[in-house]
Structures are given as structure tokens and as C-alpha cells.
Chemist: 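Here it is, the structure in full.
Only this structure's heavy atoms are used, side chains among them; waters, hydrogens and symmetry mates stay out. Since the model is a prediction, treat every value here as computed from it, not as a measurement. We name chains A, B, ... by the order of the sequence lines, and we start the count at 1 in each one.
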There are 2 protein chains.
Amino acid sequence: MRADARRNRERVLKAAEEMFAEQGIAVPLDEIARRAGVGAGTVYRHFPTKEALFEAVIAGRVEALLADTDRLLADEDPGTAFFHFFDHKVRQASLNKALSDALEASRGVRYGSPRTHESFWRLVDDLLAGAQRAGAVRPDLDRDDVRALMVGCIRAVDQVTDPAKVDHLIQVMTDGMRVKHV
Amino acid sequence: MRADARRNRERVLKAAEEMFAEQGIAVPLDEIARRAGVGAGTVYRHFPTKEALFEAVIAGRVEALLADTDRLLADEDPGTAFFHFFDHKVRQASLNKALSDALEASRGVRYGSPRTHESFWRLVDDLLAGAQRAGAVRPDLDRDDVRALMVGCIRAVDQVTDPAKVDHLIQVMTDGMRVKHV
DNA sequence: GAAGATACGGAACGCGCGCCCCGGTTGTCA
DNA sequence: TGACAACCGGGGCGCGCGTTCCGTATCTTC
């Protein structure tokens, strides 16, 4: 692979990451190319289709989340770990339209690359099971419920701008997932 | 107004209601025209723009909801009334992509016609205030929070198909809005 | 430093959709 | 029933965007 080709590939990925984050998958490919300082043709030489580029970006972001999370979870009890993860994911997605678009579309389709998809959902399963065993999360929730609630929470948070409101909404939504001590 | 013009106007509205419900605002206008059995020009003679047609449809649906709700609320305590309304609205919107699109976009813009917009949000205010006075809904929620949570709940419900799951998700989300008796 | 392979840019194409226009048709009223 | 106004259909325009193509520039290798 020629040196300039590799350099351009990097530039395209970086520009795509930024623009997808700001505007979601709806951003025109020409703008990504322009931001990267290359022509549209160059983008297509490195990624066969716009969706492939999007998927590559998502895979990178999910890997970053997984790395963060591993670090985050070492020393927390299962309940806190689960809710930290949920909170973290919602905030990440609300700052990054690419991630919310991808998660919303992820019913039935891959979330990033096959590897990140697998890792991500296994992590959700593990966190959920732990939190449920610890009595922190209601036992009648499964992975799909958590996915749906994540999407819902992200979309709710999208509706407000005030950071205090964001905290508040996440609080309300996660409260519904806790077991009730009446 | 000529008789055939009025008839066509009705047909267009009916077709638009059906197609917007099924596919949201994204449905091409030509398809609405085809379903109505008229040409695209005819649609534009009755509604100056696609958005105006959409708004007219939404206004109709919101009026229907308001009528339903008035009947529903006469004999219920304020807490039940609020949660019935929330549940009803979420289910209505999840069956009708037009309504969820409109509600999601309603931050800062009209929800249907000026009149339905006003009536709808006044109803939300009244129900919310009543339920909070009765101690059924946490006092730190306002109209905007409720709007955001409605949108979130609708999007969460969109993610599943099983009706039992739908009930379950609405349950979880509304639980978070109740006051906690610990 | 020349030749060949590789990569580049951006013009061009196809497509879908909102919206406009005009030749023909249909309803209305005397 | 005739004449005029109102209305109709659908072809066409403009635009945005994903994708492709090809003449040109750049890198690599000997």
C-alpha cells in the first residue's frame, strides 16, 4: 500500500468520525471528503460504500467504550457498574449522533463490526446478570429490554439541552429499572 | 367550491392519514396522490406544501386524542388519569409514525394546528399538576420532561414488536415517574 | 531519472422526491 | 345546452446525494 494512500485513509476516517458524530449518518459523503481534503472517489477507493465507512467508525467508537468500561468496572459493585455503564453509554450516544443512529438501527443488524457487536452485547448481558443477582435491577428485564430502554433514554435526552435536565431524565429512567423496596 | 374538489380534498386527507400513519412523514407525496386516486397537482391545489398536509393530518389526530381523553378522565383519580393518558398517547404514537415524528419534532414548533397545540399542552399541564398534587407523580417533573419522556418511551416501544414487551416497557418507564415510597 | 503501477480529484450519471405548469376535462349556472 | 370558470392529471424541472469513471498526478522501483 502506497504511503499517500495510507495517509488518506487515515484522514478520511478521522473526518468521518467527526462529521458522523456531529450530524449522524445523514451527512453527505461529499462533505466528509471535503473535510478530509480529498475527492469523493478517494473515499470510495478505501470504503466500498458509505455504510461500510459508517460501520468502520462505529466499530472504533464501540471499542473505545469497551476499553473505558473495562477500566471503570474493576472496582464497583454490580449494581453501580450496570447503572454507570448505562449512564455512560447514553451520554456518549447523546454527544454522538452516529452512535445513537447505529444503536437505534441495531435491531437485527450488526452494531459496528461483528467483533464489537459480539463484545458489546456480551458485556451488557454480564452487567445485567450481575446487577440482577445483586438485587439492584428488576429481574424481569432482558438484553432486548435494556437495548430498547437505552434507545428510549437517548432519544429522551436528545429532546433537552440543559445538562441538569439530562441528569434528571437519566435519573427518572433508571429509577424505573431498579427493584422497588416498598 | 366545486363538488369534485371537495370530494378530492377528502380523499387526499384520508389517504395521507393512512400513509403517514404507516410510514411517517418520509412517505413520498406521489404515493399519497396515487392512493387517493388523484394526481400530484391536485394535492398541491388543496395543500400548499407537503408539510401543510402533514400538519392537517396531525391536527386531526390530536383532536381525536383530546376527545378520547376528555371522556376517559371524567371519573378517574388524578394519578390514574395522568398515567392512562401517557399510556394512551404512547400507544397511539407507536401505531402511527406520523404522530411520533410530529411529537419528536415538536420542540419549538407547533404540534398540529395552533389550536390543537395549545389544547394538547394545556391538557398535559393539567393532568401533570393534578397527579403531582395527588402525590402520584414525582414533583420535580415539568411539561418538558414529560414531553421528553413521552418521546423516549415511544422510541423504546418502537424497538420491540411483542405486545407483552410493550406493556412491560411502558411499565418500567412510568415507574420512574412515580413518587417513591421507600 | 525514467517507466510502470497505483492513487487522486472532481465531473458526470442515475435516482428519488418536492413542487410547478399546462393542455385537456368536468362541473355549474343561465 | 352552451359557455365559462374551476379543476384535474401527470410530465417535467431543480436539487441533493450515492456512486462511478477517467484523464492526470504521484509514488515506487530499477
Chemist: Could you go step by step and tell me if A/N8 and A/H46 meet the side-chain hydrogen bond (donor to acceptor under 3.5 Å, both in side chains) rule?
Modeler: CA-CA 9 Å; A/N8 278 330; A/H46 292 295; 5.6 Å; no
Chemist: Using only heavy-atom distances, determine whether the side chains of B/T116 and B/S113 contain a donor-acceptor pair under 3.5 Å.
Modeler: yes
Chemist: Parallel, tilted or perpendicular: which fits the ring planes of B/W121 and B/Y111, with parallel below 30° and perpendicular above 60°?
Modeler: tilted
Chemist: For C/dC20, does OP1 or OP2 lie under 4.0 Å from any side-chain N or O of B/Y44?
Modeler: no
Chemist: Where the side chain of A/A3 is concerned, which of C/dG18, D/dT28, C/dG10 is the nearest nucleotide?
Modeler: D/dT28
Chemist: Between B/F120 and B/F85, how do the two ring planes meet: parallel, tilted or perpendicular, split at 30° and 60°?
Modeler: tilted
Chemist: Give a yes/no answer on whether the side chain of A/N8 brings an N or O atom under 4.0 Å of OP1 or OP2 in C/dA7.
Modeler: no
Chemist: Nearest whole Å is fine: how far is D/dC15 C1' from A/D30 CG?
Modeler: 13 Å
Chemist: Considering only D/dG9, C/dC19, D/dC8, which nucleotide approaches the side chain of B/D4 most closely?
Modeler: D/dC8
Chemist: Start at the 5' end of DNA chain C and walk down; is the nucleotide closest to B/R45 or to A/G37 reached first?
Modeler: A/G37
Chemist: Could you state the CD1-P distance from A/I32 to D/dT19, rounded to the nearest angstrom?
Modeler: 11 Å
Chemist: Just N and O in the side chain of A/H46: are any of them under 4.0 Å from OP1 or OP2 of C/dA7?
Modeler: no
Chemist: Figure out the CE/P separation between A/M1 and D/dT28, and round it to whole Å.
Modeler: 12 Å
Chemist: Any side-chain N or O of A/R2 under 4.0 Å from OP1/OP2 of C/dA5?
Modeler: no
Chemist: A/R6 has an atom CZ; how far is it from atom C1' of C/dT6, in whole Å?
Modeler: 14 Å
Chemist: Hey, does the side chain of A/T49 come within less than 4.0 Å of D/dG18's phosphate (OP1/OP2), counting only N and O?
Modeler: no
Chemist: Looking at every strand, decide which applies to A/A33 at a 4.0 Å heavy-atom threshold: base, sugar-phosphate, or nothing.
Modeler: nothing
Chemist: Which nucleotide in the set C/dG9, D/dC7, D/dT19 lies at the smallest distance from any side-chain heavy atom of A/V38?
Modeler: C/dG9
Chemist: Heavy atoms under 4.0 Å, any strand shown: does A/A5 hit a base, just sugar-phosphate, or nothing?
Modeler: sugar-phosphate
Chemist: So, is B/T42 close to the D/dG9 phosphate, meaning a side-chain N or O under 4.0 Å from OP1 or OP2?
Modeler: yes
Chemist: To the nearest Å, how far apart are B/K50 NZ and C/dC20 P?
Modeler: 14 Å
Chemist: Name the residue closer to the 5' end of DNA chain C, choosing between A/G41 and B/V27 according to the nucleotide with the nearest heavy atom.
Modeler: A/G41
Chemist: Under 4.0 Å between a Lys/Arg side-chain N and an Asp/Glu carboxylate O for A/E10 and A/K14?
Modeler: no
Chemist: Does this structure show an ion pair linking A/K165 with B/D144, if we count only N-O contacts that are shorter than 4.0 Å?
Modeler: no
Chemist: When the distance from CG of A/L29 to P of C/dG9 is rounded to whole Å, what number comes out?
Modeler: 13 Å
Chemist: Atom CZ of B/R7 and atom P of D/dA6: how far apart are they, to the nearest Å?
Modeler: 18 Å
Chemist: Given atom CD of B/Q23 and atom C1' of C/dC17, what is their separation to the nearest angstrom?
Modeler: 14 Å
